[in-house]
2 protein chains.
Amino acid sequence: MGNVTAPAPGQTSGASGQSAAGSTATGSNGASAKNGAARQPKAAAARASRRRSGAPAVSEPDTRERILAAGAALVGAKGFNGSGLSEILERAGVPKGSFYHYFGSKEDFGVALIERARDEYLDSLRTHLSERKRSPLSRLRSIFEDTRAECDRNGPTVECIIPKLALETATLSDPVHAAVKCAYQQWSALIAQVIREAQAAGEVARSHDPDHLADVLVMLWEGAAVRMQIDRSIGPLDDFLAFVFDTLLPARR
Amino acid sequence: MGNVTAPAPGQTSGASGQSAAGSTATGSNGASAKNGAARQPKAAAARASRRRSGAPAVSEPDTRERILAAGAALVGAKGFNGSGLSEILERAGVPKGSFYHYFGSKEDFGVALIERARDEYLDSLRTHLSERKRSPLSRLRSIFEDTRAECDRNGPTVECIIPKLALETATLSDPVHAAVKCAYQQWSALIAQVIREAQAAGEVARSHDPDHLADVLVMLWEGAAVRMQIDRSIGPLDDFLAFVFDTLLPARR
DNA sequence: GCTCGTATTAGACCAGTCGTCTACAAGTCC
DNA sequence: GGACTTGTAGACGACTGGTCTAATACGAGC
């Protein structure tokens with residue numbers, strides 16, 4: 001390691017690559033894998049071609065999605081390494097054999113999990129942000145308030161598998177890391193855009209640089225989310241809202 | 001703010017308690033543990049009595065500490081569940097059999113890890129904050145700048161096992177959760193204290209409530225730390241410093 | 001030197017891990 | 001109907017996980 005680099009935030013899904021995993025062993029085991037070539041899920045190509053040809057796709061009702069949903073729930077609760085495939089699949093009501101039909105490996109599955117969460121979240125964000133009848137600042141606020149409400153509904157211990165997976169696996173697995181990084185960049189960019197609109201509308205002081213401010217908001221929100229899990233209370237999210245919208249942004253000056 | 005509360009942050013170490021772990025299983029396994037009483041490390045009592053009697057303690061040179069150090073490094077890199085005892089002990093140069101002489105369980109070990117990190121960090125904080133010859137605001141700044149410098153030295157992927165352990169295990173293990181919560185409360189309290197001093201010295205606007213502001217700083221810093229791991233760059237920490245000390249605090253008004 | 005009691009270690013243990021493999025059911029095309 | 005592909009099904013294997021018992025190393029007392 002030692003490097004840092006930034007390998008093109010786009011491309012995330014696809015081939016695994018099998019990053020450095022057990023290469024640290026100092027003593028006995030040494031080489032453990034005989035595989036050299038990357039496995040591929042078999043189903044991905046099929047799915048793509050089927051979609052392309054517009055077939056009704058009677059089968060594969062939602063197996064893949066069921067696995068992902070169960071995985072998201074369990075990983076959210078017990079972490080990625082803490083969740084075994086067996087339990088995920090048991091909850092999804094899907095046999096083991098099907099898993100490797102849809103995903104190349106557990107790591108692949110992790111990437112898919114992140115992409116799913118990211119797409120879902122960013123979509124809801126875009127929905128909120130495109131509500132043209134509300135002012136930019138009010139739209140921005142609604143984003144966070146809605147997430148807060150959701151956390152309130154689901155209990156403070158769920159939610160936000162992205163930072164969880166990020167901290168847990170990003171040090172190890174490059175594909176997961178890339179997916180997470182990409183998610184954050186898009187998120188930040190969206191926020192920056194609303195901030196610009198809010199500034200144009202005179203709702204936010206122009207002294208703030210939109211990109212930096214967006215990064216700060218994202219970081220603060222993430223910190224609040226972490227704190228929420230630690231305190232097991234959504235208080236931190238309220239603190240976030242109060243600080244950002246009552247103190248920080250309306251810097252009328 | 002709502003809640004926050006403060007349930008006696010002291011007491012964290014000691015008996016484990018074996019919190020709810022597998023109680024969520026829907027299907028087969030169900031009960032997995034046969035133990036009801038808490039195990040105890042055997043060595044803890046000995047250590048205590050030895051220390052009490054002032055013996056030179058020739059044996060146990062630093063075995064426990066070596067395990068902790070190796071554990072902190074590995075857990076920081078691969079997460080708690082991702083780090084096996086075998087590898088930790090191998091790195092520490094300690095035989096596997098010795099582990100349960102010093103720790104009651106892996107969970108106990110996790111608590112010890114957090115307490116070690118917390119004590120170390122809070123101690124350095126107190127050192128910084130008690131430097132009477134510097135102004136409060138400058139002391140506050142030096143805290144974060146020093147940590148930034150350390151991250152710069154060690155690379156952005158290490159550091160901060162506390163939020164890592166927090167997100168990874170706090171959902172499951174009550175003792176770990178308690179230790180983490182305690183750490184944050186103390187941290188926040190320390191920051192709030194400096195803020196008060198800075199306000200008294202006229203360095204920070206009195207319009208801020210010290211406790212809330214401290215919480216915000218901690219959350220933002222935590223978010224920056226998470227982001228640092230994701231970006232694999234200390235840029236977020238710089239953003240933090242710039243925002244807090246150039247924009248947020250000097251709200252001269 | 002021998003025994004005894006404690007501090008420490010070696011290695012067995014089994015549950016659980018991810019991943020593979022073969023067998024089978026269902027749908028589609030010739 | 002038979003040869004494909006797509007997806008389901010779960011047993012199986014090699015391996016590692018944390019845990020614990022049985023044995024060692026070591027120092028004190030006689």
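Comparing atom distances between the Pro95(B) side chain and each of dA9(D), dA10(C), dT20(C) picks out dA10(C) as nearest.
A sub-4.0 Å separation between OP1 or OP2 of dA7(C) and a side-chain N or O of Tyr102(B) is absent. Contact annotation: Lys106(A) reaches the phosphate of dC18(C) (side-chain N/O to OP1 or OP2, under 4.0 Å). Checking the phosphate oxygens (OP1, OP2) of dG19(C), a side-chain nitrogen or oxygen of Tyr100(A) falls inside 4.0 Å. Within the 4.0 Å cut-off from OP1 or OP2 of dT16(D), not a single side-chain nitrogen or oxygen of Ser86(B) is found. Side-chain N/O atoms of His101(A) include one lying less than 4.0 angstrom from OP1 or OP2 on dG7(D). Between dT8(D) and Ser98(A), a contact under 4.0 Å exists linking OP1 or OP2 to a side-chain N or O.
What separates CG of Leu89(B) from P of dG17(D) is a distance of 11 Å, to the nearest Å. Computed from coordinates, the Glu107(A) CD to dG19(C) C1' distance equals 14 Å when rounded to whole Å. Look at CZ on Phe109(A): it is 12 Å from P on dG19(C), rounded to the nearest Å. Counting to the nearest Å, the C1' atom of dG7(D) and the NZ atom of Lys96(A) are 17 Å from each other. Summarising the geometry, the separation between CD on Glu90(B) and C1' on dG11(C) is reported as 16 Å, rounded to the nearest angstrom. For Ile88(A) and dT17(C), the CD1 to C1' distance is 12 Å, given to the nearest whole Å. Arg64(A) places its CZ atom 13 Å from the P atom of dT8(D), with the value rounded to the nearest Å. Computed from coordinates, the Asn81(B) CG to dT17(C) P distance equals 11 Å when rounded to whole Å.
The line from CG of Leu68(B) to CD of Glu120(B) is 10.5 Å long, rounded to the nearest 0.5 Å. We find the CD-CZ distance between Glu168(B) and Phe80(A) to be 11.5 Å, quoted to the nearest 0.5 Å.
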Original post:
Between Phe103(A) and Arg64(A), is a side chain to side chain contact (heavy atoms under 4.5 Å, CB included) present by the stated rule, with each step listed?
Top reply: CA-CA 9 Å; Phe103(A) 305 98; Arg64(A) 194 184 127 100; 3.5 Å; yes
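Under 4.0 Å is where a charged nitrogen must lie from a carboxylate oxygen, and between Arg227(A) and Asp239(A) no such pair does.
Within 4.0 Å (heavy atoms only), Gly97(A) reaches at least one base atom of the nucleic acid.
Aromatic ring pairs are classed by plane angle as parallel below 30°, tilted from 30° to 60° and perpendicular above 60°; the pair Phe99(A) and Phe109(A) is perpendicular.
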